[in-house]
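No hydrogens, no waters, no symmetry mates; every other heavy atom, side chains included, goes into these values. Residues take their numbers from the sequence shown, with the count starting at 1.
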Amino acid sequence: MLKAISDRIIVRLAEKPQSKIMFNAEKRYTDRGIVESVGDRVSGIKKGDKVVFHLFDELPLPEDGLVVIRQKSLLGMWE
């Protein structure tokens with residue numbers, strides 16, 4: 001399993017992206033998912049938390065549905 005480092009968080013997207021090229025006709029600027037791994041400099045977030053983050057700050061990973069974001073890209077959590 002891939003482990004996040006530093007201030008990075010690995011998130012499994014709540015909905016899988018439809019394609020690698022994204023056309024955003026709805027003008028969505030956020031995305032959401034479940035935390036899979038947190039780096040050692042991340043505070044207040046743990047594996048399994050449901051988070052909302054800025055859509056254009058993520059880096060897609062080769063495994064479908066996983067992205068890496070920095071902690072500062074988090075916008076909130078939901079229960």
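- Within the model, atoms CG of Leu13 and CG of Leu61 stand 9.5 Å from one another, a figure rounded to the nearest 0.5 Å.
- For Lys72, the side chain to side chain donor-acceptor pair (under 3.5 Å) test picks out no residue, with sequence neighbours left out.
- Closest approach of Ser37 to Ala4, counting heavy atoms only: OG-N, 2.9 Å.
- Evaluation of the side chain to side chain donor-acceptor pair (under 3.5 Å) rule for Asp7 yields Arg70 as partners, not counting sequence neighbours.
- For the pair Val11 and Leu66, the minimum side-chain heavy-atom distance is 4.5 Å or more.
- Here the CD-CG distance, from Glu36 to Asp49, works out to 11.5 Å after rounding to the nearest 0.5 Å.
- Under the side chain to side chain donor-acceptor pair (under 3.5 Å) criterion, Ser73 pairs with Asp57, not counting sequence neighbours.
- Note that CD1 of Ile69 and CZ of Phe53 are 5.5 Å apart. Values are rounded to the nearest 0.5 Å.
- A continuous path of ILVMFWY side-chain contacts below 4.5 Å connects Met77 to Val35, so both sit in one hydrophobic cluster.
- Side-chain contact check for Ile9 versus Gln71: some heavy-atom pair is nearer than 4.5 Å.
- A distance of 3.5 Å separates CD1 of Ile10 from CG of Leu2, quoted to the nearest 0.5 Å.
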Fill in: Verdict with reasoning, Val52 to Asp31, per side-chain contact (heavy atoms from CB on, under 4.5 Å)
CA-CA 6 Å; Val52 177; Asp31 211 341; over 6 Å; no
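- By the criterion of side-chain heavy atoms lying less than 4.5 angstrom apart, applied directly or through intervening Ile, Leu, Val, Met, Phe, Trp or Tyr residues, Ile34 is not grouped with Trp78; the two fall into different hydrophobic clusters.
- Between Glu63 and Arg12 there is a side-chain heavy-atom pair separated by less than 4.5 Å.
- With Lys3 contributing its side chain and Val38 its backbone, the two residues share a donor-acceptor pair below 3.5 Å.
- To the nearest 0.5 Å, atom CD1 of residue Ile5 and atom CG of residue Asp40 are 8.0 Å apart.
- From Arg8, atom CZ reaches atom CG of Leu59 across 9.0 Å, with rounding to the nearest 0.5 Å.
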